[in-house]
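Order of the sequence lines sets the chain letters (A, B, ...), proteins ahead of strands, with each chain counted from 1.
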Protein chains: 2
Amino acid sequence: MTEDSFDKKDDFNLRDFLPYLLNRAAEESSLEFQKVYKDRYGMLRTEWRVLFHLGNYGGMTAKEIGDRAKIHKTKISRAVRKLEHRRYLSRTRSETDRRVELLQLTTPGQSVYHELRGIAEQYDAKLAGKFSKDETALLRKMLRRLAHMG
Amino acid sequence: MTEDSFDKKDDFNLRDFLPYLLNRAAEESSLEFQKVYKDRYGMLRTEWRVLFHLGNYGGMTAKEIGDRAKIHKTKISRAVRKLEHRRYLSRTRSETDRRVELLQLTTPGQSVYHELRGIAEQYDAKLAGKFSKDETALLRKMLRRLAHMG
DNA sequence: ACTTGTTAGTTACAAAATCAACTATTATCC
DNA sequence: GGATAATAGTTGATTTTGTAACTAACAAGT
């Protein structure tokens with residue numbers, strides 16, 4: 001009748017709450033890479049993601065990037081415009097469906113992608129190096145599952 | 001001399017890049033809980049975090065919350081103001097150092113915290129249920145390490 | 001052919017985050 | 001004690017995001 005702070009096993013700890021923990025780990029582990037694409041290339045998060053999608057998977061449409069990366073179309077639209085202004089990518093209207101445009105990295109865009117990818121690889125290795133090979137593999141697997149990235 | 005796409009083991013895959021993977025998992029796993037504190041309580045991410053810090057660890061200052069949660073002081077300041085307007089917390093100026101103010105949940109604030117904490121517990125269990133007990137324990141451990149929450 | 005619905009992408013406006021500058025108070029050091 | 005620096009917290013200007021409405025093109029049903 002008085003208090004429920006007693007009946008309930010008060011074992012909740014914010015530090016262990018998965019959404020919180022995942023966010024903290026994501027933020028912390030993004031900082032160093034962010035410094036590179038932001039300070040050195042003046043890019044925003046959505047911009048390097050778009051760049052990487054095109055660099056990693058080849059030319060595709062804005063819609064496809066949005067679906068793959070779960071980024072809203074307005075964010076994609078603005079990122080694409082900025083990357084286009086910097087001549088990192090080009091648009092080509094589809095002949096068969098004139099609503100769609102194929103996005104492709106230009107030569108400078110590819111070279112920026114390669115540079116950033118190299119840094120990403122190194123940084124990923126550094127993070128992965130905190131754990132054993134098996135642990136890291138399991139971590140990636142679990143994260144993919146949580147992210148619905150099968 | 002021609003291309004380095006050949007010399008380099010081109011095994012980089014964005015889907016496995018830890019900062020990306022962590023962000024995707026964090027976003028995805030926060031959605032459902034976000035719906036609750038946002039749609040049902042009209043709270044922002046920083047607001048529930050402040051609420052939970054006070055609810056979980058007891059009264060403390062804005063500075064302390066910021067340090068613990070790695071949230072910038074302007075975000076804290078605005079979140080605190082909003083929570084105060086809703087009468088979820090009270091401020092008490094310290095007598096010994098009049099720059100500082102002790103933040104504490106009010107009774108309604110505590111009750112909202114308890115409700116949200118219950119939902120958080122359930123949701124955490126649901127996420128954890130995707131894996132074995134050992135796997136989940138390892139995941140939390142690794143995330144704490146990545147988040148520097150040792 | 002022609003209304004109705006969908007889809008790709010953009011734009012406009014509101015909400016929120018970021019960054020710098022500010023006030024008020026306490027600490028340091030000469 | 002008084003100048004200088006440091007700290008807690010707030011405010012304002014700018015940037016970025018989120019939401020809704022919009023255009024243009026295609027699809028489907030009648």
Side-chain angles (χ1 to χ4, degrees), chain A residues 23-24 26-28 30-31 34-35 37-39 41-51 53-54 59-86 89-104, chain B residues 23-24 26-28 30-35 37-39 41-51 53-54 59-86 89-104:
Chain A
N23 266 287
R24 291 287 309 269
E27 276 165 35
E28 199 60 44
S30 298
L31 276 179
Q34 182 182 60
K35 264 192 84 60
Y37 69 71
K38 202 173 169 190
D39 297 356
Y41 293 90
M43 278 195 219
L44 252 31
R45 211 168 60 126
T46 309
E47 286 158 31
W48 82 257
R49 286 197 183 181
V50 167
L51 187 89
H53 272 265
L54 294 175
M60 61 176 89
T61 72
K63 176 70 162 60
E64 280 178 290
I65 299 177
D67 288 346
R68 280 191 188 241
K70 289 239 172 84
I71 303 176
H72 195 265
K73 57 183 181 172
T74 60
K75 267 165 113 176
I76 305 263
S77 174
R78 294 191 255 243
V80 165
R81 180 169 48 185
K82 209 160 144 198
L83 292 171
E84 190 191 22
H85 280 156
R86 299 210 177 149
L89 65 76
S90 67
R91 315 189 193 216
T92 325
R93 263 222 185 275
S94 158
E95 284 301 324
T96 61
D97 184 344
R98 296 170 31 68
R99 287 170 301 186
V100 169
E101 47 195 12
L102 180 68
L103 306 172
Q104 279 170 302
Chain B
N23 266 288
R24 291 287 308 268
E27 279 166 32
E28 198 62 44
S30 298
L31 277 178
E32 207 167 316
F33 184 61
Q34 183 182 58
K35 264 191 86 61
Y37 69 70
K38 201 175 169 189
D39 297 358
Y41 293 90
M43 277 195 219
L44 252 31
R45 211 168 59 124
T46 309
E47 287 158 30
W48 83 256
R49 286 197 184 183
V50 167
L51 187 88
H53 272 266
L54 295 174
M60 61 176 92
T61 72
K63 175 71 163 60
E64 281 178 290
I65 298 177
D67 289 346
R68 282 192 188 241
K70 288 239 173 82
I71 303 176
H72 195 266
K73 57 182 181 173
T74 60
K75 268 163 112 176
I76 305 262
S77 173
R78 281 161 179 144
V80 166
R81 180 170 46 188
K82 211 160 143 199
L83 292 171
E84 191 190 21
H85 280 156
R86 297 210 177 148
L89 64 78
S90 66
R91 315 189 193 216
T92 326
R93 264 224 184 274
S94 159
E95 284 301 324
T96 62
D97 184 343
R98 294 170 32 70
R99 289 171 299 186
V100 169
E101 46 194 15
L102 178 69
L103 306 171
Q104 278 170 302

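You'll find the side chain of A:Leu54 reaches within 4.5 Å of the side chain of A:Val50, heavy atoms only. Using a 4.5 Å heavy-atom threshold, the side chains of B:Leu102 and B:Ser94 count as separate. Proximity of B:Lys82 to B:Glu47: side-chain heavy atoms (C-beta onward) are separated by under 4.5 Å at one or more points.
For the OP1/OP2 pair of C:dT10 and a distance below 4.0 Å, the side-chain nitrogens and oxygens of A:Arg91 include at least one atom meeting the criterion.
Distance CD (B:Gln34) to P (D:dT17): 15 Å, rounded to an integer number of Å. Spacing between atom CD1 of B:Ile65 and atom C1' of D:dG9 amounts to 13 Å, rounded to whole angstrom units. The nearest whole Å value for the distance from the NZ atom in A:Lys73 to the C1' atom in C:dA12 is 14 Å. When rounded to the nearest whole Å, the span between CZ of B:Arg81 and C1' of C:dA16 equals 13 Å. Between B:Glu84 atom CD and D:dG9 atom P the separation is 13 Å, expressed in whole Å. For the pair A:Met60 CE and C:dG9 C1', the interatomic distance rounds to 17 Å; values are reported in whole Å. Residue A:Lys75 contributes atom NZ, which lies 19 Å from atom P of C:dT11 at whole-angstrom precision. Straight-line distance from the CD1 atom of B:Ile71 to the P atom of D:dA8: 16 Å, rounded to whole Å.
One finds no salt bridge joining A:Glu27 and A:Arg45 here, because no Lys/Arg side-chain nitrogen approaches an Asp/Glu carboxylate oxygen to under 4.0 Å.
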Report, one pair per line, the protein and nucleotides 12-16 of chain D atoms (nitrogen or oxygen only) whose separation is under 3.5 Å.
{"residue": "D:dG12", "atom": "N7", "partner": "B:Arg78", "partner atom": "NH2", "Å": "3.1"}
{"residue": "D:dG12", "atom": "O6", "partner": "B:Arg78", "partner atom": "NH1", "Å": "3.3"}
{"residue": "D:dG12", "atom": "O6", "partner": "B:Arg78", "partner atom": "NH2", "Å": "2.9"}

Expected rows: protein N/O vs nucleotides 24-27 of chain D N/O, under 3.5 Å:
{"residue": "D:dC26", "atom": "OP1", "partner": "A:Arg98", "partner atom": "N", "Å": "2.9"}

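Of the residues near DNA chain C, A:Lys38 and A:Leu102, the one whose nearest nucleotide (by heavy atom distance) lies more toward the 5' end is A:Leu102. With the nearest nucleotide of DNA chain D identified for both A:Thr46 and B:Ile76, B:Ile76 has the one nearer the 5' end.
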Quick one: side chains of residues 73-81 of chain B, donor-acceptor pairs under 3.5 Å with protein atoms, not counting sequence neighbours, listed by atom name and distance.
{"residue": "B:Thr74", "atom": "OG1", "partner": "B:His72", "partner atom": "ND1", "Å": "3.1"}

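Considering all non-hydrogen atoms of both residues, A:His53 and A:Ala69 come closest at NE2-CB, 3.3 Å.
Exactly one of A:Leu89, A:Leu103, A:Thr46 qualifies for a side chain to side chain contact (heavy atoms under 4.5 Å, CB included) with A:Leu83. That residue is A:Leu89.
Using a 4.0 Å heavy-atom criterion, one finds that A:Lys63 contacts the sugar-phosphate atoms exclusively.
Aromatic rings from A:Trp48 and A:Tyr41 are positioned such that their centres are separated by 6.0 Å or more.
Judged by distance alone, the side chain of A:Arg93 and the main-chain N or O of A:Arg99 form a donor-acceptor pair under 3.5 Å.
With distances taken from any side-chain atom of A:Val100 to the nucleotides C:dT11, C:dG9, D:dT19, the minimum falls on C:dG9.
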